[in-house]
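One structure below.
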Amino acid sequence: MIDYERFLNPEQLEAVTAGDGPLLVLAAAGTGKTQTLVYRVAHLIGRGVPPAAILLLTFTNRAAREMLERARSVAGDSAAEVWGGTFHHVCNRMLRRHAPRLGYRHDFIIADRDDSRKLIDDCVKELKLGGKEFPGKDVLAGLFSHAVNRDEPLEDVVGTRLDHLACNIEDVCCVQQRYIELKEKLAVMDFDDLLLNGLRLITEHEDIRRLYQKQFQHILVDEYQDTNLLQAQFVDTLVGSEDGNIMVVGDDFQCIYSWRGADFRNIMSFPARYPNARIVRLERNYRSVPEILEVANASIAQNPEQFQKTLRATRGGGSRPMLHIVKDGREQAEVIVRLIRRYQDSGLALRDMAVLYRAHFHSIELQMELGRVNIPAAVTSGIGVFEQAHSKDVLALLRLAHDPQDRLAFDRLICLLPGVGPRTAATLWHKLGSVCDCRNPARRAQLAGLLRPAAREGWEAIDSALDDYFADEPHTRASKLIGGFVKGFYEGYLTKTYENASERVDDVYELGAQIDNSPSVAAFLQEVALLTNTDQVDGRETGRQADAVRLSTVHQAKGLEWPVVFIIWAVEGMFPSARAVGELADDSEERRLFYVATTRAREALHILVPGWRHVKGGQIYPCVQSRFVTEIPNRLLDTRYGLKF
DNA sequence: ACTTTATGCGTTTTT
DNA sequence: CGCATAAAGT
């Protein structure tokens, strides 16, 4: 029997041991939200609920993995059978089983952000729209996504978000229509389709809805404040009744994804949608020293219309957060280097420290400085390994090998050949009859015959790699195909295309090893589009990751904590970001982001405010201290100037 | 004429 | 890194 009272405080215990019925846990930052979810899962299993009857929806795959691992150590190995993952992941898993019910193949292709933008661009060109006044593909993708995730008509979204642009709303709708048709034709779902079709599956098909309602006796949702309307509908439908077994955990103060359609009204209206919901508040913060919490509380108090919560400290006194007024980005980097060295001398490891910023490019100057003075830094970069060109190239080869109809993969692969671009790729695809059966040597030879000599040479190398690969069936190993591909063709391509070709070669071999270790190549390919950079970085950390300072955007730091945190570029226009303030005329989400940043720190928080910003071209702009700093009472901060501290 | 490739520049946040 | 534009290649 688990001694819950030993590991949980009274509020956490109440949430963990609550009986059936809806439950809303308002868990402020650092109050043991994860602990509560982990023990709730353990408690349910202990009560006799079959693990496979529990659905745990999280914001990242990493969060699900961590929670289930911990639940496993508390409740035993059976916890591994709990369904856990992101909404996209769970929808994908359901859709792989039932896709034909919606007119899709089981092996539909997932289009990542790049793929869908490319497809949208194709639609625009096909409809001969384009032009100066017409929105670009990113804007269009954003509009489509917004409409889907908020369940609003596209016309309204275009009307409100694009009123300054004198473009025809109907044209935009035409592009969307064409985009939807094109996706259907290519058997492709984009990220939004996974959610949309996951929801359609259980709303339009009663038997499937019943199946999953019966299977999932308990549904738990983490980071509920960052769900969008579609996701909330998905959960509500699966729960089925207003007295169902649904537990949602969240903190409206930490809703930072509304630009992606998240709507913290989901959490605000939860008590109205589930009138009998029990509400538990977790306010005892175990993470940070009181001085840091005071700053966080003072900051978030500026936002109206939220569930009132105050972080109460449980820890003893530490020291006040430091505000560093520095000359410019260079001095900012210098201050951080000195502070890092000082913390190292006092016994902290580099992995105990993190530098947080609003946008990736804010960190470039610091990265260079850290490199110069040999302080190892782990950057959670904007694009993960799987999203980088070389991974995608290799994945395209594997995808095409396993699915002759994967046009996106074909295009990508064939365009690597010299003298072949999108146009020739399209012609070739047509000439081949909309299939590229790599399993069939005769078909591969046919393709070779259609290519120009320069391109043919490259294709022949790929051809022999494919030949070797299929010779081993059914025990094909991805690493073998990748090895042949790299040696015969890709290494040469990489060396003439990129500076850091050898790193990329290493990455690609690593990718092969990972696929060999996964259950099957096909399963890996079906999941890979949903794996994110943070999943990947953490995967590596367990491996050979050395001790390093973490550099991260605030968004990617969500759910993490460090003894020492630096927030850089706390100036107007950068944090809050100029775009966010201009577009929304409401800075509350940016303030929540600042709140998330401050509450990542356990012992020490340093906020840096440079006075000048060097833009390339030699221009210098003065910086104004961020409103988020200015609105904090002076007495809560320890202000230092320049290099004196 | 049509395609591919080279060059220079600007960057919010991401499943 | 991706995008737009201009130049080179077929």
Side-chain angles (χ1 to χ4, degrees), chain A residues 57-64 85-92 110-114 116-118 121 130 132 136-138 141-142 145 148-149 189-196 198 223 226-228 230-231 255-262 356-364 380-384 386-390 392 414-427 452-455 496-500 527-535 552-558 569 573-584 589-590 592-594 596-597 615-617:
Chain A
L57 289 160
T58 55
F59 199 72
T60 61
N61 291 309
R62 170 178 56 77
T86 61
F87 282 88
H88 291 85
H89 177 90
V90 169
C91 286
N92 183 40
I110 298 176
D112 63 19
R113 204 176 107 265
D114 266 5
S116 59
R117 283 190 337 191
K118 234 173 257 155
D121 210 33
K132 263 213 175 95
K137 56 183 148 188
D138 317 83
S145 182
V148 171
N149 284 295
M189 289 196 207
D190 62 21
F191 286 141
D192 298 330
D193 289 328
L194 289 173
L195 294 181
L196 188 65
E223 307 279 11
D226 277 319
T227 54
N228 63 37
L230 224 51
Q231 292 166 326
C255 173
I256 54 175
Y257 281 91
S258 63
W259 48 272
R260 208 176 79 189
L356 306 183
Y357 35 83
R358 180 65 180 82
H360 284 297
F361 74 97
H362 296 168
S363 72
I364 294 169
T380 53
S381 83
I383 24 179
F386 292 139
E387 290 163 289
Q388 282 174 39
H390 53 283
K392 288 207 194 175
I414 219 75
C415 285
L416 297 174
L417 301 169
V420 179
R423 207 80 213 186
T424 0
T427 321
R452 261 192 260 120
K496 81 171 170 37
T497 316
Y498 301 105
E499 290 289 313
N500 59 346
E527 287 282 317
V528 71
L530 299 175
L531 294 178
T532 65
N533 46 2
T534 41
D535 295 328
S552 168
T553 61
V554 183
H555 281 91
Q556 289 187 324
K558 182 184 181 182
W569 287 114
M574 295 177 83
F575 200 170
S577 132
R579 282 225 200 173
V581 174
E583 275 175 20
L584 294 152
E589 173 141 327
E590 292 284 309
R592 291 194 292 269
L593 202 54
F594 188 76
V596 169
V615 185
K616 76 170 135 190

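Throughout, a chain's letter reflects where its sequence line sits, starting with A, and its residues are numbered from 1.
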Derivation and outcome, ring-ring contact (aromatic ring centres under 6.0 Å, His included), residues A/Phe575 and A/Tyr357: CA-CA 8 Å; A/Phe575 200 170; A/Tyr357 35 83; 10.0 Å; no
Six-ring centre of A/Phe386, A/Lys392 cation under 6.0 angstrom, axis tolerance 45°: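 No cation-pi geometry.
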Take the protein atom [atom1] of [X] and the nucleotide atom [atom2] of [N], then report the distance between them rounded to whole Å.
{"X": "A/Tyr357", "N": "B/dT14", "atom1": "OH", "atom2": "P", "result": "10 Å"}
{"X": "A/Leu417", "N": "B/dT4", "atom1": "CG", "atom2": "C1'", "result": "13 Å"}
{"X": "A/Leu530", "N": "B/dT14", "atom1": "CG", "atom2": "P", "result": "16 Å"}
{"X": "A/Leu230", "N": "B/dT15", "atom1": "CG", "atom2": "P", "result": "17 Å"}
{"X": "A/Arg113", "N": "B/dT14", "atom1": "CZ", "atom2": "P", "result": "10 Å"}
{"X": "A/Asn61", "N": "B/dT14", "atom1": "CG", "atom2": "C1'", "result": "13 Å"}
{"X": "A/His362", "N": "B/dT13", "atom1": "NE2", "atom2": "P", "result": "8 Å"}
{"X": "A/Arg260", "N": "B/dT15", "atom1": "CZ", "atom2": "P", "result": "6 Å"}

Residue met sooner reading DNA chain B from 5', once A/Thr86 and A/Ala425 are mapped to nucleotides: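 Of the two residues, A/Ala425 wins.
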A/Cys91 side, atom SG; A/Leu230 side, atom CG - distance, nearest 0.5 Å: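 Nearest 0.5 Å value for the SG-CG distance: 8.0 Å.
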OG-NE2 distance between A/Ser552 and A/His360, expressed to the nearest 0.5 angstrom: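 So the gap between those two atoms works out to 7.5 Å.
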Nearest-nucleotide pick for [X], side chain only, options being [options]:
{"X": "A/His88", "options": "B/dT14, B/dT15, B/dT4", "value": "B/dT15"}
{"X": "A/Thr553", "options": "B/dT15, B/dT14, B/dT3", "value": "B/dT14"}
{"X": "A/Arg452", "options": "B/dT15, B/dT12, C/dT10", "value": "C/dT10"}

Mutual orientation of the aromatic rings belonging to A/Tyr257 and A/His555 [parallel < 30°, tilted 30-60°, perpendicular > 60°]: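 Perpendicular: the ring planes of A/Tyr257 and A/His555 meet at over 60°.
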Main-chain N/O of A/Gly419 paired with A/Arg452 side-chain donor or acceptor, under 3.5 Å: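 Pair found, side chain donor or acceptor close to backbone of A/Gly419.
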N or O in side chain of A/Arg423 less than 4.0 angstrom from B/dT3 OP1/OP2: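 True: A/Arg423 side-chain N/O within range (under 4.0 Å) of B/dT3 OP1/OP2.
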Any A/Gln556 side-chain N or O less than 4.0 Å from OP1/OP2 of B/dT13: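 No.
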Side chains of A/Val148 and A/Leu195 in contact at under 4.5 Å (non-hydrogen atoms):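 No - every pair of side-chain heavy atoms lies 4.5 Å or more apart.
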Close side-chain approach of A/Asn228 to A/Arg260, heavy-atom, < 4.5 Å: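 Side chain of A/Asn228 against side chain of A/Arg260, heavy atoms only: no contact under 4.5 Å found.
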Near-parallel close stack of A/Phe59 and B/dT15 base (under 5.5 Å, under 30°):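 Stacking is absent between B/dT15 and A/Phe59, given that the ring centres and planes do not meet under 5.5 Å and under 30°.
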Looking for any heavy atom pair under 4.0 Å, which part of the strands does [X] touch: base, sugar-phosphate only, or nothing?
{"X": "A/Phe361", "value": "sugar-phosphate"}
{"X": "A/Val420", "value": "sugar-phosphate"}
{"X": "A/Phe87", "value": "nothing"}

Sugar-phosphate or base contact per nucleotide [nucleotides 1-8 of chain C; S, B, -; heavy atom under 4.0 Å]: SSS-----
